[in-house]
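These notes concern the structure reproduced below.
Indexing begins at 1, ligand by ligand and atom by atom, following the structure's order. These figures come from a predicted structure and were not determined experimentally. Quick note: numbers below take in every heavy atom, side chains included, and nothing from hydrogens, waters or symmetry partners.
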Amino acid sequence: MSVIVATSLAEAFAALSAHPEATLVAGGTDVMVEVNAGHRHVADVVMVNRVGELCTWRHDGAMLHLGAGVTWSQIEAAPIAEWVPVLAQAARTVGSPQIRHVGTIGGNLGTCSPAGDGLPGLAALDAVVHLASPAGERSLPFAEFMVGPKRTARVAGELIIGVTVPVLRGWQGYSKVGVRNAMVIATASVALVTDLDGRTVRLALGSVGPTILRCTEAEAFAAANVDFANGAASAAVVSEFAALARAAARPIDDHRSTAEYRRHAVGVLAGRLLRRAFPNE
Ligand SMILES: Cc1cc2nc3c(=O)[nH]c(=O)nc-3n(C[C@H](O)[C@H](O)[C@H](O)COP(=O)(O)OP(=O)(O)OC[C@H]3O[C@@H](n4cnc5c(N)ncnc54)[C@H](O)[C@@H]3O)c2cc1C
């Protein structure tokens, strides 16, 4: 077994071509759990947590680029938290401070669990995921990147370089429920993003389907029925929005929850988030 600590993208690609079966490790907070549980056999390791190109972010006014190695601790704090509050709120729910200190957004994307807390916000923001290999770079909308539970469009030899998200004017929020209040995997989660300039409301659900689900009917209903200028939504609009979110869910029963509870929970969370986004009646 070899452990290669790459300090540049070039080194990471060279290590991957020398060890095509190697496991990429950023913070290791998903990988090590899988190894300890015997669910993953690791031969060689390529560490990417010291690759400078992955650990940086750029903000150019309209857009924010987050390198795959940006940690949840960075995302939950200013200035990133001010530009993408939905991701900051999600970041604050990931594990504990120790996990957030090393766990990365790229690792959340690499695992791509429907319960990954970073993913509903990325879906609601229409994030673009950037991938690269020695053969070149490509970019995919999040909806094309996540193709199933823990399945992505990434091919062997590719690195997740980062994500680009828009910096929008308008309220954003993330809520999740689990079997306890902290250090918990979501049994249902909801991200809501408003765009006051585009007059849109985006809603994405986690843990209630094989992938993160965008609720296009609820979004269209909200866009047509909320009062963007006055930050207002009637009780009837909030209630119908919640019902449309429930209808969009495709939950299953498993060891964490029942499908029925999950469907109920996303309705409650979606309604609450819409009310926070549009506090006036
Ligand atoms: C105690 C505990 C609590 C947790 N709580 C939560 C929680 O509340 N919410 C939540 O969403 N998650 C939680 N997690 C899971 C984990 O912390 C997150 O998914 C985290 O974002 C993973 O990031 P990482 O850098 O540690 O990933 P790693 O474990 O290093 O990697 C995860 C996967 O991504 C791949 N990968 C990493 N970087 C790249 C890259 N640049 N390109 C291609 N592939 C890459 C790896 O090969 C691996 O398959 C928890 C984990 C633990 C141990």
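- Listed for the E158 side chain is no donor-acceptor partner under 3.5 Å among the backbone atoms of L131.
- Atom CZ of R50 has 12 or fewer heavy atoms from other residues, nucleotides or ligands within 6.0 Å.
- V184 counts as a contact of ligand 1, since one of its heavy atoms falls under 4.0 Å from the ligand.
- Counting heavy atoms closer than 4.0 Å to ligand 1, residue K176 contributes side-chain atoms (C-beta onward) but none from N, CA, C or O.
- Interface atoms of ligand 1 facing V25, defined by a heavy-atom separation under 4.0 Å, are 30 (O).
- Taking all heavy atoms of V35, D30, I161, I105 into account, the minimum distance to atom 14 (N) of ligand 1 is reached by D30.
- Comparing L9, I160, L131 by heavy-atom distance to atom 42 (N) of ligand 1, the nearest is I160.
- Using modelled atom types, no side-chain atom of R100 and backbone atom of G103 make a donor-acceptor pair closer than 3.5 Å.
- By the criterion of a heavy-atom distance under 4.0 Å, the side chain of R40, and not its backbone, is placed next to ligand 1.
- Using a 4.0 Å cut-off between heavy atoms, A26 contacts ligand 1 through both its backbone and its side chain.
- No donor-acceptor pair closer than 3.5 Å links the side chain of R199 to the backbone N or O of A223.
- Proximity of N108 to W72: side-chain heavy atoms (C-beta onward) are separated by under 4.5 Å at one or more points.
- Contacts of I185 with ligand 1, taken as heavy-atom pairs under 4.0 Å, are absent altogether.
- Closest to atom 11 (O) of ligand 1 among all protein heavy atoms lies D117 N, 2.8 Å.
- When each atom of ligand 1 is checked for a heavy atom of G103 under 4.0 Å away, the hits are 23 (O), 24 (P), 25 (O), 26 (O).
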